[in-house]
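By convention in this document, chain letters (A, B, ...) are assigned in the order of the sequence lines, proteins followed by strands, and residues within each chain are numbered from 1.
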Number of protein chains: 2
Amino acid sequence: MSHELVKTKGTQIPRYYLIQRSILNRIEKGEWAPGEKIPPEKELAAIFGVSVGSVKTAMLNLSNSGFLNRVQGKGTFVAGSVIGRDRRRLYNFVSDFETQNEPLSVKLQEIKAVEGIAPICGYLTLPPNGQMFRVTRIFTLHESSIILSISYLAQRLFKDIDKLPRDFFESNPLYKLFEDTYKLPTIRYQEMFSAVQAPVEAVNFLQLSESVPLLKVEMLALTFKNVPLEYRISYCNTKDLKLFRMPFRMKTHRWGV
Amino acid sequence: MSHELVKTKGTQIPRYYLIQRSILNRIEKGEWAPGEKIPPEKELAAIFGVSVGSVKTAMLNLSNSGFLNRVQGKGTFVAGSVIGRDRRRLYNFVSDFETQNEPLSVKLQEIKAVEGIAPICGYLTLPPNGQMFRVTRIFTLHESSIILSISYLAQRLFKDIDKLPRDFFESNPLYKLFEDTYKLPTIRYQEMFSAVQAPVEAVNFLQLSESVPLLKVEMLALTFKNVPLEYRISYCNTKDLKLFRMPFRMKTHRWGV
DNA sequence: CGTAATTTGTACGTATGTATG
DNA sequence: TCATACATACGTACAAATTAC
């Protein structure tokens, strides 16, 4: 029994926190991959040389923060991307506060190697002439095009993504592709909202008769250690449907509030 | 010692959940008001006839969900509105992903009794000719007007709010006024985003030379039992600054991830 | 199909550490 | 310095879900 936590006496850092960090470290290094089962509480308690209670606290914290999924009777598993964690998506397109969410369908328009676009290289921590892929997609609802989405990815991280079959892009969300094929789960993301006059590409792709105001959403998706994965610009036609943010609810123990 | 939890044996509902509900119930009824100190763990354990551990679990859940604030050595206190819970606000106006948040200042433009505006009465669960107050405010940054914000409140809930001094509206956020003066904390809110051509009021108040695209944010703020408090339309000029959503982080125990 | 083994969930009791006033 | 109240930590027991036999 090799206790990994050599000593905590004399320190003010709680043991469960050290365990959290240790587990998270293994996940970040890919030692424990998304979907994988990690050792049970009792086993971890032995490994770390602490009580099951301390391991439980650590695992509950990591579960609450979305890094682990715990299932009674089965075990504890490494979670994937943030975005897919909740059953429902964070954003939906609705016509009113009361109406239900409508599912959008995706169509891949183009995937192309590009390089050196000024502010985007900065977001992706690439040099000014950095090699990127540009993924252009259209989101439609009932035959009408609602969103033009343009994603930029570092070629370094997503080798040969342009060789993948189109189907990969249309049957799954992009973050799922990152996670499954490239082992890069999305851990957090930032968003910026603004309103713009529709640029020409948007007028074409969204089949607008003229330049109308569009909701522009810029998103930066990051994985572990704040490494940027994707910078995305979405132009949303909010004439009929508006972008709705679900009220956030966190789960705590199994019986949340 | 009058045990409030008569029995849980034979049921599948955990004790800590019943305690949660009981505490939350007292808060909703105003028995324990925002800011007030609630009995310590040991005392509650005696009241409910359970162990301190069960009370702790219940209180941690309520703390994580934002209904309670716990301070080591002081006690547990009833929290106020969601919006002010985190130190930083959920939304900020920035020019770029990297830039820091800029503090906006508020100016009350007008507060007026109005009635029967079609979809808004529905949002506020008022009859079609319902009596409301309309609060018009301008948010500025460095002398330039960024946001025109129009709030609608039910007169029934906010009696004589139009008699309050202007200062009340300009020195504090609106949710703070709701909570402090009317004892109505904001428990959750929904938002809808869209892009619109600036309407005439916005052109005037935001001193626009012409009609430009504006980010329109509709918000519905709710208190306990999903009672609507405020329906707000914000027109944001995103020419220079964009609406930025902070990456969400939840706290679990004191030493979060 | 029932039974046992595994694993997490709930619950109790106790002891000690640490922040607050 | 001391009492109070929450935080951390241990150990134990049983319940409930899942899987394998």
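A donor-acceptor contact shorter than 3.5 Å is absent between the side chain of B:S63 and the backbone of B:M59. One N or O on the side chain of B:E170 and one on the backbone of B:L108 form a donor-acceptor pair closer than 3.5 Å. Judged by distance alone, the side chain of B:E179 and the main-chain N or O of B:S81 form a donor-acceptor pair under 3.5 Å. The main-chain N or O of A:P185 is found under 3.5 Å from a side-chain atom of A:T223 such that the two form a donor-acceptor pair.
Here the C1' atom of nucleotide C:dA15 and the NZ atom of B:K56 are 13 Å apart, to the nearest Å. To the nearest angstrom, P of C:dT10 lies 12 Å from CG of B:L18. Between A:L68 atom CG and C:dT7 atom P the separation is 16 Å, expressed in whole Å. Rounded to whole angstrom, the span from the CD1 atom of B:I19 across to the C1' atom of C:dC12 amounts to 12 Å. The interatomic distance linking B:L60 (CG) with D:dA9 (P) rounds to 14 Å, in whole Å. Atom pair A:R70:CZ and D:dA16:P shows a separation of 18 Å (rounding to whole Å applied). The separation between B:N61 atom CG and C:dA11 atom P is 11 Å, rounded to whole Å. Counting to the nearest Å, the C1' atom of C:dT8 and the CG atom of A:N69 are 13 Å from each other.
Residue B:K74 has no polar side-chain atom (N or O) positioned under 4.0 Å from OP1 or OP2 of C:dA19. Side-chain nitrogen and oxygen atoms of B:Y16 include none within less than 4.0 Å of the OP1 or OP2 phosphate oxygen of C:dA11. The phosphate of D:dC6 (OP1 or OP2) has a side-chain N or O of B:T76 nearer than 4.0 angstrom. Under 4.0 angstrom from either OP1 or OP2 of C:dA11 there lies no side-chain N or O belonging to B:T57.
Put simply, the residue from A:F178, A:Y152, A:F133 that forms a ring pair (Phe, Tyr, Trp, His ring centres under 6.0 Å) with A:F158 is A:F178.
Using Watson-Crick or G-U wobble geometry with both donor-acceptor distances under 3.5 Å, C:dC1 finds no partner in any strand shown.
Using a 4.0 Å heavy-atom criterion, one finds that B:G53 contacts no nucleic acid atom at all. Using a 4.0 Å heavy-atom criterion, one finds that B:V71 contacts the sugar-phosphate atoms exclusively.
Picking from D:dA7, C:dG9, C:dA11 the nucleotide with the shortest atom distance to the side chain of B:E41 gives D:dA7. Nearest nucleotide to the side chain of A:R15, out of C:dT10, D:dA5, D:dA9: D:dA9.
Donor-acceptor pairing under 3.5 Å, judged by distance alone, is present between the side chain of B:Q72 and the base of C:dG17.
Of the two residues contacting DNA chain D, namely A:V52 and B:K37, the nearest-nucleotide position lying further toward the 5' end is that of B:K37.
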